[in-house]
Amino acid sequence: MKKIGITGGIGSGKTTVARVFEQLGIPVYHADYWAKEIMNTEPLVIERLKELFGNSIYDSNGKADRKRIAEIVFADKNKLNELNSVIHPAVWLHGENWLKQHHDKPYILKEAAILFESGGNKGVDKVIMVSAPEEIRLERVMKRDNATPEEVTARMANQWDDEKKIALSDFVIVNDDRQLVIPQVLEIHSRLTNAHQK
Ligand code: ATP
């Protein structure tokens, strides 16, 4: 079974595109979702995050204050690196366990916003990059998250630009509100499924 990474910058539509693959019966591991869950549930991760950000980063219900963490790491690259070095191995391990349930599938997808930036691309067989122009991504995220342009641009600044990621990817899906997405997904699905049968 092949492991396929699916990535794209904020607002590129990777979750939306991944949903189309799910409709085709392909399991999708949502690394960004699980990263948030693990922050609140995995004792070793909680301990390390308290060391990094102080005990008050967790509220009385044991939930991490992600807004506060985001503010700290956007202002301090070292803290961002340390945060990543705690979260990414924990998510990776969780993902490998998840994978064991899906050995009957031709391939699975791992969806992650910062697949390349985190080095997660090294653990997958191929990468699908979802690409969209920056103006469109900005508009989508402002609308989805009720965010200001400054907030979205700050989040984009921690991600590589599309050109760099496209050059390193095996497949590209253009999700620019012009090109149809479903035929692009079907083409990749067919190539990945045929490769599996050979
Ligand atoms: P993030 O990295 O922030 O999680 P993402 O890449 O997963 O973002 P989505 O959440 O899938 O992006 O998409 C961003 C927003 O744009 C969503 O509100 C989604 O519904 C919308 N969107 C994405 N693709 C399309 C499309 N082809 N047509 C219409 N709306 C779209």
Side-chain angles (χ1 to χ4, degrees), residues 3-40 64-71 73-74 80 83-84 87-88 90-92 94-95 98 107-121 123-124 126-189:
K3 289 186 228 169
I4 311 295
I6 182 163
T7 191
I10 177 170
S12 59
K14 59 194 164 297
T15 308
T16 308
V17 172
R19 244 179 244 136
V20 183
F21 282 95
E22 277 175 319
Q23 293 295 314
L24 297 170
I26 298 303
V28 180
Y29 184 78
H30 299 279
D32 302 332
Y33 165 80
W34 283 110
K36 289 171 202 160
E37 280 297 299
I38 283 168
M39 267 188 186
N40 294 332
D65 184 347
R66 293 198 309 110
K67 197 159 187 254
R68 181 77 198 112
I69 293 176
E71 281 165 9
V73 300
F74 280 129
L80 176 64
L83 173 68
N84 287 339
I87 300 295
H88 290 144
V91 175
W92 187 254
H94 181 267
W98 172 89
Y107 67 97
I108 59 89
L109 291 187
K110 275 198 169 184
E111 183 209 341
I114 53 165
L115 187 77
F116 288 112
E117 295 89 331
S118 69
N121 60 308
V124 294
K126 295 205 181 296
V127 176
I128 301 167
M129 166 69 186
V130 180
S131 174
E134 207 167 290
E135 320 81 74
I136 294 181
R137 291 164 46 207
L138 189 71
E139 286 287 327
R140 283 179 184 156
V141 179
M142 283 168 57
K143 202 164 149 201
R144 186 194 61 190
D145 297 350
N146 205 8
T148 65
E150 292 74 23
E151 283 165 345
V152 183
T153 315
R155 281 150 76 183
M156 283 177 172
N158 281 310
Q159 301 183 343
W160 293 1
D161 59 31
D162 275 19
E163 289 67 36
K164 188 169 173 180
K165 290 187 278 198
I166 287 171
L168 293 166
S169 297
D170 301 278
F171 304 101
V172 178
I173 292 177
V174 180
N175 183 28
D176 60 357
D177 299 339
R178 287 166 170 258
Q179 300 190 51
L180 294 174
V181 167
I182 290 173
Q184 299 180 72
V185 170
L186 290 176
E187 165 69 20
I188 295 171
H189 179 68

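Source: prediction; values computed, not measured. The first residue in the sequence is number 1, and the count goes up from there. Order of listing sets the numbers, starting from 1, for every ligand and every atom in it.
Distance check on atom 16 (O) of ligand 1: some protein heavy atom falls below the 4.0 Å cut-off.
Among protein heavy atoms, the minimum distance from atom 11 (O) of ligand 1 is reached at Thr16 OG1, 2.5 Å. Shortest contact from atom 31 (C) of ligand 1 to any protein heavy atom: Arg140 NE, 4.1 Å. Looking from atom 7 (O) of ligand 1 to the surrounding protein, the closest heavy atom is Thr15 OG1, 2.6 Å. With hydrogens left out, the protein atom closest to atom 14 (C) of ligand 1 is Arg144 NH1, 3.8 Å, a heavy atom. Scanning the protein heavy atoms around atom 28 (N) of ligand 1, the nearest turns out to be Asp177 OD1, 3.8 Å.
Salt-bridge check for Arg140 with Asp177: passed, with a basic side-chain N closer than 4.0 Å to an acidic carboxylate O. Under the 4.0 Å criterion applied to side-chain N and carboxylate O atoms, Arg68 and Glu71 are assigned as salt-bridge partners.
Tyr29 is not listed as a side-chain neighbour of Lys3, based on a closest heavy-atom distance of 4.5 Å or more. Leu24 has its side chain within reach of Val185: a pair of non-hydrogen atoms, C-beta onward, lies under 4.5 Å apart. A heavy-atom distance below 4.5 Å is found between the side chains of Met39 and Leu83.
For ligand 1 and Ile10, the ligand atoms under 4.0 Å from any heavy atom of the residue are 2 (O), 3 (O). In summary, the atoms of ligand 1 found under 4.0 Å from a heavy atom of Gly9, numbered by their order in the structure, are 6 (O).
The shortest N or O to N or O distance between Ala113 and ligand 1 is not below 3.5 Å. Considering backbone and side-chain atoms alike, Gly8 places every N or O at 3.5 Å or more from each N or O of ligand 1.
When each of Ile6, Asn121, Ile4 is checked for a side-chain contact (heavy atoms from CB on, under 4.5 Å) with Lys126, only Ile4 meets the rule. Partner Arg178 forms a side-chain contact (heavy atoms from CB on, under 4.5 Å) with one of Asn175, Asp176, Val174 and no other, that one being Asp176.
Here the closest non-hydrogen pair linking Arg144 and Arg155 is NH2-NH2, 4.1 Å.
Both tests hold for Lys110 against Trp92: distance to the six-membered ring centre under 6.0 Å, angle to the ring axis within 45°.
Looking at Ala147, Gly11, Ala18, Gly13 and measuring to atom 8 (O) of ligand 1, the nearest heavy atom belongs to Gly11.
Under 4.0 Å from ligand 1, heavy atoms of Lys14 appear from its side chain as well as its backbone. Under 4.0 angstrom from ligand 1, the non-hydrogen atoms of Asn175 all belong to its side chain.
Ligand 1 lies out of reach of Ala132, whose nearest heavy atom is not under 4.0 Å from it. For Val141, the heavy-atom gap to ligand 1 stays at 4.0 angstrom or more.
Under the 30°/60° scheme for interplanar angles, the aromatic rings of Phe21 and His189 are found to stand perpendicular.
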